Amino acid sequence: MLKETSIHKNQIILQTGYFDLKQTFECGQCFRWNEVEQGHYIGLVKDKVLEMYQVGQEISFYNTDEKDFKDIWVDYFDLNRNYEELIEEISKEKIMKAATEYGKGIRILCQDEWETLISFIISANNNIPRIKKILERFSKLFGQKMCYKGEEYYTFPTPESLQGITEKDLEEIKSGYRAKYIIDAVQKVNESQVDLYNLKNLETGEARKELLKIKGIGPKVADCILLFSMRKYSCYPIDVWIRKVTEKLYFKRECTPKEIQKFAEDMWKDNAGFAQQYLFYYARNQL
DNA sequence: AACCAGGTTATAA
DNA sequence: TTATAACCTGGT
């Protein structure tokens with residue numbers, strides 16, 4: 001995967017295919033990366049402001065160093081996986097072949113569990129611009145301020161920092177009825193009713209069962225959390241788009257989530273989550 | 001004004 | 001177990 005990595009003073013350069021910033025950041029798995037201009041993104045991960053550029057197959061990391069690259073970014077961007085091989089493996093038929101051809105620069109990020117949990121609770125019955133705004137206000141209100149090049153960025157608030165918040169405290173982020181779900185999540189995580197940061201070590205079904213204890217987390221949101229923050233790549237989150245595209249392209253009829261679930265499992269096994277992302281991106285932009 | 005947007009919850013068949 | 005209505009908010 002890492003064809004060539006070179007390290008300069010403030011810049012790490014990656015030569016690689018199968019990594020496109022736009023596709024990776026805008027395929028719907030994350031909400032806090034912003035495009036400054038074409039091929040230029042700034043995001044905040046943990047307590048790091050990372051600036052990235054892409055020109056052709058060359059991707060540059062700024063405001064970071066070799067240590068963080070090894071300790072954080074390789075893991076976060078899933079850089080040790082061979083996506084060429086992966087795509088080859090799941091693209092046995094022409095539909096997935098078309099989807100992977102269209103979105104071959106997508107990588108599934110390994111994001112923070114708590115941030116992913118809150119983000120996808122907020123995503124329910126909502127639209128992307130508003131999800132991003134709510135998360136922005138949430139971070140600004142409760143997160144820690146970071147400055148970079150004269151701009152302010154905010155870390156994602158930890159569960160501990162949110163201990164004791166009320167619906168009234170959350171009014172100004174305008175998350176609507178989802179506020180009480182956020183509060184339930186804070187409580188259950190802080191009281192270890194859900195051992196969030198250990199779930200990745202559990203079997204997928206067990207981890208899902210734990211997530212479902214939190215109000216506002218149903219099957220779709222749980223699968224997103226498992227897939228985007230815990231490397232549970234067998235999960236195939238079924239939202240309206242995936243349902244539509246799976247019905248239209250594969251079943252050619254209406255079907256139940258249960259049928260779709262089984263289909264994805266049989267078809268792509270432990271790589272169903274990757275297939276889901278390629279299909280989702282393909283469906284949203286091409287259908 | 002009515003409807004929709006990355007679903008979930010609460011109720012009822 | 002599966003089906004349906006209601007749901008904050010902001011945009012069209």
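In what follows, chains carry the letters A, B, and so on, assigned in the order in which the sequence lines appear, proteins first and then strands, with residues in each chain numbered from 1. Since we're looking at a predicted model, the values are computed, not measured.
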For dC8(C), the Watson-Crick or wobble counterpart (both distances under 3.5 Å)
none

Give one of base, sugar-phosphate or nothing for Phe228(A), where a contact means two heavy atoms less than 4.0 Å apart.
nothing

Between Lys244(A) and Gly216(A), just flag the one whose closest nucleotide in DNA chain B comes earlier from the 5' side.
Lys244(A)

Testing the basics here: between Leu21(A) and Gln54(A), what is the closest heavy-atom pair and its distance to 0.1 Å?
N-OE1, 2.8 Å

Round to the nearest Å and state the distance from Trp241(A) atom CH2 to dG7(B) atom P.
11 Å

What's Gln29(A) touching, base or sugar-phosphate or nothing? Going by heavy atoms closer than 4.0 Å.
base

Tell me the interatomic distance from Arg178(A), atom CZ, to dT9(C), atom C1', rounded to whole angstroms.
7 Å

With hydrogens left out and only the distance checked, is there a donor-acceptor pair under 3.5 Å joining Arg130(A)'s side chain and the base of dC8(C)?
yes

When we call it a touch if two heavy atoms are under 4.0 Å apart, what does Thr256(A) touch: a base, just sugar-phosphate, or nothing?
nothing

Of dG7(B), dT2(C), dC8(C), the nucleotide closest to the side chain of Lys258(A) is dT2(C)

With sugar-phosphate meaning primed atoms plus P, OP1 and OP2, does Gly176(A) contact a base, only sugar-phosphate, or nothing at under 4.0 Å between heavy atoms?
base

In whole angstroms, the gap separating P of dT4(C) from CG of Asn125(A) amounts to 17 Å

Ile128(A) CD1 to dT12(C) C1', in whole Å, measures 17 Å

Between Asp78(A) and Tyr83(A), is the side-chain hydrogen bond (donor to acceptor under 3.5 Å, both in side chains) condition met? List the steps.
CA-CA 9 Å; Asp78(A) 199 21; Tyr83(A) 275 72; 2.6 Å; yes

Can you tell me if Asn285(A) uses its side chain to pair, donor with acceptor, with the backbone of Tyr281(A) under 3.5 Å?
yes

Whether Phe77(A) and Phe61(A) hold their rings parallel, tilted or perpendicular, with breakpoints at 30° and 60°
perpendicular

So, does Asp169(A) use its side chain to make a donor-acceptor pair with the main chain of Thr166(A) at under 3.5 Å?
yes

Given dT2(C), dT8(B), dG10(C), identify the nucleotide with an atom nearest to the side chain of Asn127(A).
dG10(C)

At under 4.0 Å between heavy atoms, what does Phe120(A) touch on the DNA or RNA strands: base, sugar-phosphate, or nothing?
base

When all nucleic acid strands are considered with a 4.0 Å heavy-atom cut-off, which category describes Pro219(A): base, sugar-phosphate, or nothing?
sugar-phosphate

Round to a whole Å and report the spacing from CD1 of Ile121(A) to P of dT9(C).
17 Å

Using a 4.0 Å heavy-atom cut-off across all strands, classify Lys220(A) as base, sugar-phosphate, or nothing.
base

Starting at the 5' end of DNA chain C, which residue's closest nucleotide do you reach first, Lys133(A) or Tyr177(A)?
Tyr177(A)

Report which part of the nucleic acid Ile217(A) touches: base, sugar-phosphate, or nothing (heavy-atom distance under 4.0 Å, all strands).
sugar-phosphate

Could you check whether the rings of Tyr41(A) and Phe25(A) sit parallel, tilted or perpendicular, using 30° and 60° as the cut-offs?
tilted

Please measure how far the P atom in dA10(B) lies from the corresponding atom in dC8(C), and state the result in whole Å.
12 Å

Leu117(A) CG - dG7(B) C1' separation (whole Å)
14 Å

Expressed as a whole number of angstroms, how long is the span from Ile183(A):CD1 to dT8(B):P?
19 Å

Rounded to whole Å, how long is the line connecting atom NZ of Lys180(A) with atom P of dA6(C)?
16 Å

